[in-house]
Amino acid sequence: MITSAARDQSQQLKAYAFQQTEYDNRVLRAREKMAEAEIDVLLVTDLSNICYLTGFQTLVSDWYSCLIIPSQGDLVLHVCDLEVALCRVHTNVEHIESIRWNRMDEAAPQLAQIIAGLGRTPKSIGLESRQRGLTPYAYATICSAFPNAIMADASDIVFHLRAVKSPAEIAYMRKAGAYSVAGLLAAEAAIQEGVMDNEVAAAASAAMIRAGSEYFSIDPIIRAGDWHAVVHSSFRRNRIRQGDTVIMEMSGVHERYNAPIYSTAVVGRASDDTRRLADAALYCVETLYSNLRPGRTMHDVATSTKSALRGLDERIHLNEYFAYPIGLSFPPSWPENSVWIIEGSDKVLTPGMCFHAVRSFRIFGVIAAGFSDAIAITETGYEILTPHQKRLLEVPN
């Protein structure tokens with residue numbers, strides 16, 4: 001039996017990232033998209049999308065969770081048993097169903113029973129089939145349980161809603177950006193000959209956590225010496241030597257909102273090649289910024305920025321995008337997967353869209369340099385959410 005004292009304590013533990021009206025509005029817009037697509041039941045299985053719609057958070061982002069949104073009626077959260085308390089702390093969803101965490105294979109047939117218990121048999125079920133969270137087994141189970149229902153790909157419904165951030169979301173990203181800058185400054189201060197790359201990463205981590213960051217979507221990425229030009233490698237007990245380049249990329253987190261930052265340092269004097277590469281990266285970022293205006297298509301911005309790439313060494317790896325979307329995320333990454341500044345996209349820059357504007361040039365295993373800001377599109381242009389001095393840092397001997 002749950003006592004009144006226990007209920008009172010539960011209420012004291014409530015931790016909502018946003019007002020309930022904001023969550024209600026998000027669910028309303030999702031239902032409008034469902035109606036347009038003639039979807040009776042939407043199954044949201046990407047954890048970041050579940051968090052966006054309800055506030056639900058958990059450390060174990062790879063565990064099963066599903067938000068069931070019928071076209072009418074109450075939402076249902078279906079999670080592992082150990083996560084029910086987090087549902088009660090972070091959300092106002094009243095209907096919570098659970099599955100034992102060590103029996104996650106049983107989640108799919110139980111989910112089918114939950115859908116069947118909603119009322120009328122759905123004619124169309126929306127699935128996030130191109131996002132994280134939906135397993136082939138779960139998909140097959142739902143198809144088998146509802147053989148006459150259309151299984152609609154609803155992968156983009158919530159992500160496209162998330163593309164334009166509310167003022168409250170951007171306020172959180174500013175805070176995350178402040179944590180990121182604190183981490184970068186600490187990392188730069190820790191770099192010196194003889195120090196391990198782990199120590200640089202530890203300094204960045206500690207500074208961001210002390211500043212207020214939650215657990216990271218990605219731990220600080222520190223690449224040094226021979227590994228600095230190997231993308232997505234990170235600290236691994238390498239001693240930093242005189243002349244080494246150090247790549248630093250990290251993001252603090254506030255209410256699961258991220259604002260990454262990327263920079264480059266050299267111990268001692270940078271080589272002419274490194275300096276040229278860094279100058280090219282900085283020029284490309286500034287060229288992008290000069291083209292950021294609401295109302296322009298992503299394609300227009302990308303093609304206008306592409307001119308900054310002329311004359312680069314043909315061996316340099318070039319990403320096809322010029323900025324990627326960021327916002328709310330969980331491990332193991334911070335990109336949002338909504339709208340990209342990329343050639344061929346007819347999406348329009350809209351105030352409230354947020355991006356990681358990063359330009360990282362590298363020749364695999366040879367040389368690399370890059371810089372970035374987290375930015376938000378405004379009514380007149382853009383706002384930098386990670387204000388800092390972008391420059392190639394030369395650490396004195």
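The structure displayed is predicted, hence computed values, not measured ones.
Taking the six-membered ring for Trp and thresholds of 30 and 60 degrees, W63 and W101 have nearly parallel ring planes, at less than 30 degrees apart. Aromatic ring orientation, Y321 versus W340: perpendicular (interplanar angle above 60°, classes split at 30° and 60°). Using bins of under 30°, 30° to 60° and over 60° for the plane-to-plane angle, the ring pair F18/Y23 lands in the perpendicular bin.
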Point to revise | CA sep, side-chain torsions, deciding dist, call: E255, K175, salt bridge (Lys or Arg N to Asp or Glu O under 4.0 Å) | key: CA-CA 10 Å; E255 293 292 357; K175 290 183 178 181; over 6 Å; no

Review point. Under the side chain to side chain contact (heavy atoms under 4.5 Å, CB included) criterion, do L328 and C51 qualify, and how do the steps go?
Key: CA-CA 8 Å; L328 187 158; C51 182; 3.8 Å; yes

Practice item. Output, in order, the C-alpha distance, side-chain angles, deciding distance and verdict of salt bridge (Lys or Arg N to Asp or Glu O under 4.0 Å) for R26 and E32. Key: CA-CA 10 Å; R26 293 172 183 180; E32 289 171 349; over 6 Å; no

Practice item. Test E383 against M173 for side chain to side chain contact (heavy atoms under 4.5 Å, CB included), laying out the working first. Key: CA-CA 11 Å; E383 174 190 352; M173 294 182 72; over 6 Å; no

Exercise for review: Run the numbers on E286 and L282 for side chain to side chain contact (heavy atoms under 4.5 Å, CB included), then give the verdict.
Suggested key: CA-CA 6 Å; E286 294 304 322; L282 287 167; 5.5 Å; no

Exercise for review: With salt bridge (Lys or Arg N to Asp or Glu O under 4.0 Å) as the test, would you mind laying out the steps for R241 and D244 before giving the verdict?
Suggested key: CA-CA 5 Å; R241 303 162 299 187; D244 277 357; 3.3 Å; yes

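Taking each heavy atom of E394 and A270 in turn, the nearest pair found is OE2-N, 2.8 Å.
I69 has its side chain within reach of L53: a pair of non-hydrogen atoms, C-beta onward, lies under 4.5 Å apart. You'll find the side chain of L111 reaches within 4.5 Å of the side chain of I68, heavy atoms only.
Proximity of the aromatic rings of Y324 and F355 is defined here by a centroid distance below 6.0 angstrom, and this criterion is not met. Taking the six-membered ring for Trp, H356 and Y262 have ring centres at least 6.0 Å apart. A centroid separation of 6.0 Å or more is found between the aromatic rings of Y52 and F159. Taking the six-membered ring for Trp, H90 and F56 have ring centres at least 6.0 Å apart.
With sequence neighbours excluded, no residue satisfies ring pair (Phe, Tyr, Trp, His ring centres under 6.0 Å) with F361.
Between I375 atom CD1 and I326 atom CD1 the span is 8.0 Å, to the nearest 0.5 Å. A distance of 10.5 Å separates CG of D197 from CD1 of I191, quoted to the nearest 0.5 Å. If you take NE2 on H78 and CD1 on I114, they are separated by 4.0 Å, rounding to the nearest 0.5 Å. A distance of 4.5 Å separates OG1 in T305 from CG in N291, rounded to the nearest 0.5 Å. Atom NE2 of residue H95 and atom CG of residue L118 lie 8.0 Å apart, to the nearest 0.5 angstrom.
Between E22 and K165 there is no salt bridge, since no side-chain nitrogen of the basic residue lies less than 4.0 Å from a carboxylate oxygen of the acidic one. The existence of a salt bridge linking R239 and E199 is confirmed by a sub-4.0 Å separation between a basic side-chain nitrogen and an acidic carboxylate oxygen.
Counted by atom type alone, S217 and N258 present one or more donor-acceptor pairs between their side chains at under 3.5 Å. Side-chain N/O atoms of S71 and D40 include no donor and acceptor closer than 3.5 Å. Under the 3.5 Å distance criterion, with hydrogens and angles disregarded, a donor-acceptor pair is assigned to the side chains of S155 and D153. Side-chain contact annotation: T287 with S290, donor-acceptor N/O pair under 3.5 Å absent. For R162 and S48, the side-chain atoms include at least one donor-acceptor pair closer than 3.5 Å. A donor-acceptor pair shorter than 3.5 Å can be found between the side chains of Y16 and N92. In the model, T21 has no side-chain atom that pairs as donor or acceptor with a side-chain atom of D24 under 3.5 Å.
A cation-pi arrangement, defined by a distance under 6.0 Å to the six-membered ring centre and an angle within 45 degrees of its axis, is absent between R256 and Y172. Figure legend: cation-pi geometry between R223 and F235 absent, as NZ or CZ is not positioned both under 6.0 Å from the six-membered ring centre and within 45° of its axis.
Test V84, L86, T58, I50 against V79 for side chain to side chain contact (heavy atoms under 4.5 Å, CB included) and you get one pass: V84. Checking each of R132, Q131, R130 against N337 for a side-chain hydrogen bond (donor to acceptor under 3.5 Å, both in side chains) leaves exactly one that passes, namely Q131.
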